[in-house]
Q: 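Sharing a structure here in structure tokens format.
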Protein chains: 2
Amino acid sequence: MQKAAIEKNNEAIAAQLAPVGRETVQDRVYSELRRALIGGLFEPSQVLTIRGLADALVTSTMPVREALGRLITEKALEALPNRSVRVPPITLERLDDLLRARILIEGEAIALAAARMGPRQIATIETILGEWDEMRALKHKKDVDREVTLNQSFHFEIYRSCGSAVLIPMIESLWLQSGPCIRVAIYAFSEAGEVDTAQYHRRIVTALSTQDAQAARESLVADISRPFTFLRSKLQAAAAKDQT
Amino acid sequence: MQKAAIEKNNEAIAAQLAPVGRETVQDRVYSELRRALIGGLFEPSQVLTIRGLADALVTSTMPVREALGRLITEKALEALPNRSVRVPPITLERLDDLLRARILIEGEAIALAAARMGPRQIATIETILGEWDEMRALKHKKDVDREVTLNQSFHFEIYRSCGSAVLIPMIESLWLQSGPCIRVAIYAFSEAGEVDTAQYHRRIVTALSTQDAQAARESLVADISRPFTFLRSKLQAAAAKDQT
DNA sequence: TCAAAGCAAGTGTGATCACAAATCATAATC
DNA sequence: GATTATGATTTGTGATCACACTTGCTTTGA
């Protein structure tokens, strides 16, 4: 009866081998499109074609159409009556609508997270803050992509701590929807004054490390409101100019 | 120059003809599955196969797999590592998580709606309430399906008035996720005591017609919490029994 | 000269097929 | 007799094809 011995051996092997995983092509396409959307690589109102994307991603149309369908249901893309799909255009109403929803849900998430984040999690987000400073130190080239990625890591590291399997996908959906807008704002920030985003994040970290849920929520609201109000005034100015 | 005359004739025709619309098979499959999910026609933990559903819906696999993919992204279904898909099982944590999210988001939606609902909208939900009473009057047969449908119409008529294109899809997603659970609760209600759901709805209508956002939110919370807390205690009892 | 008809290229949708992985039942082995 | 192999069936995934609709351009007619 070597059963126990065999079992033990298997466990030893299992401990050394990493699970290989089995990501489908569709999953990769979906992730890639998500990344592009959140990063703002597509412009608002830009139309996307299945075959065009399939060529760009070097696959067939099959995985692309399923990924597009999924993105449409989470409102990251929009299905036109012509059956073509585009990234949703920016309007003032939509901007306000998105911001309100993000304040509501991300605010709740960070309030929950404030009570649950241990020193381990705090350290992680402080590391991200450190990378941010590092990037800022050598400011010869403006790496907007990296800026977007770090911002995303910072926020989602916090949201992950809220412990809600329901809220997190909703927040992802909201980021997907606001991604194309935000990129525009970040570019504009980089050109105009460039208030330091890190200072907002630092206030969030301070609030979280003292488990002050209310302060954390308020700091977060200030952080995410900034690009929206900025974009809002820019849009209004553009609308006023069109009027004349 | 008959141009104006022709134009006029075309308009006359357009006024009489209804737009035919062009719903795809995939859309119909998706709607049908949504209906089934919200109505609780599938049991939690039930696994669904593409070919099985395609046979049941009398189409090919193509529209079904795309509809399933969409439902998976909105967490209405769950993709297992085996690549099979099932309706998510009920757990205590998930129940609490869903209720918290629903209170947060639907509460916000009804508060927004309170300020925006006119006499027209109030009349509509009162009509739905009337149909409910009518159904209750002839209580010889318990029509759970109709009960579910009326409840859905009542709530979404309100949510539609909140004017947020972002919040409403989120609420739909939440209903999709809690549908399979709620059905269990409604069945249990029908057997056990059967407190009148309509009285909760009436309190909501009263609050809305006086534009009292706070009262509306509280009444709504009471309404949607009921099946959840009921189910919660039932689950805990079952867990306790399993322990022994 | 300009608008409408006609044609051609492009695009989304659904069906079918090929293949790989999973599942289940049966058979073989210790 | 319990466990492991082996085989058949089922299932999801991706590719390809056929068809219908849209779109943009050219051509035709007044």
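Computed from a prediction, not measured in an experiment: that's the story for all the values here. Throughout, a chain's letter reflects where its sequence line sits, starting with A, and its residues are numbered from 1.
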Q: As a test of understanding, state which of A:Ile110, A:Ile168, A:Ile171 forms a side chain to side chain contact (heavy atoms under 4.5 Å, CB included) with A:Cys162.
A: A:Ile168
Q: When you measure from the side chain of B:Gln121 to the backbone of B:Gly118, do you find a donor-acceptor pair of N or O atoms at a distance under 3.5 Å?
A: yes
Q: From the options D:dG14, D:dT13, C:dG12, select the nucleotide whose nearest atom is closest to the side chain of B:Arg83.
A: D:dT13
Q: Judged by modelled atom types alone, do A:Ser173 and A:Gln177 share a side-chain donor-acceptor pair under 3.5 Å?
A: yes
Q: Can you tell me if B:Ser161 and B:Glu157 form a side-chain donor-acceptor pair at under 3.5 Å?
A: no
Q: What nucleotide among C:dT16, C:dT11, D:dG14 has an atom nearest to a side-chain atom of B:Ser60?
A: C:dT16
Q: Could you state the CE-P distance from A:Met62 to C:dA18, rounded to the nearest angstrom?
A: 16 Å
Q: Rounded to the nearest Å, what distance is computed from the CG atom of residue B:Asp27 to the C1' atom of nucleotide C:dT13?
A: 11 Å
Q: Is the NZ or CZ atom of A:Arg102 positioned over A:Trp175's six-membered ring, under 6.0 angstrom from the centre and within 45° of the axis?
A: yes
Q: Donor-acceptor pair under 3.5 Å: do we get one between B:Arg51's side chain and the base of D:dG12?
A: yes
Q: Return the value, rounded to whole Å, for the distance between atom CZ of A:Arg86 and atom C1' of C:dT11.
A: 17 Å
Q: How many Å lie between CD1 on A:Ile50 and P on D:dC21, as a whole number?
A: 17 Å
Q: Looking at B:Arg65 and D:dG14, is any side-chain donor or acceptor paired with a base atom of the opposite kind under 3.5 Å?
A: yes
Q: Atom CG of A:Asp55 to atom P of D:dA15: distance rounded to whole Å?
A: 12 Å
Q: Using a 4.0 Å heavy-atom cut-off across all strands, classify B:Gln26 as base, sugar-phosphate, or nothing.
A: sugar-phosphate
Q: Expressed in angstrom and rounded to an integer, what is the separation of A:Glu23 atom CD from D:dG12 atom C1'?
A: 16 Å
Q: Counting only heavy atoms and a strict 4.0 angstrom limit, can you tell me which residues of residues 67-82 of chain A come near DNA chain D?
A: A:Asn82
Q: Would you call B:Glu172 and B:Phe156 a side-chain contact if the rule is heavy atoms closer than 4.5 Å?
A: yes
Q: Once you apply a heavy-atom cut-off of 4.0 Å, does A:Thr61 come out as touching a base, just sugar-phosphate, or nothing?
A: base
Q: Tell me, do A:Leu92 and A:Arg232 make a side-chain contact under 4.5 Å, heavy atoms counted?
A: yes
Q: Rounded to whole Å, how long is the line connecting atom CG of A:Leu57 with atom C1' of D:dA15?
A: 16 Å
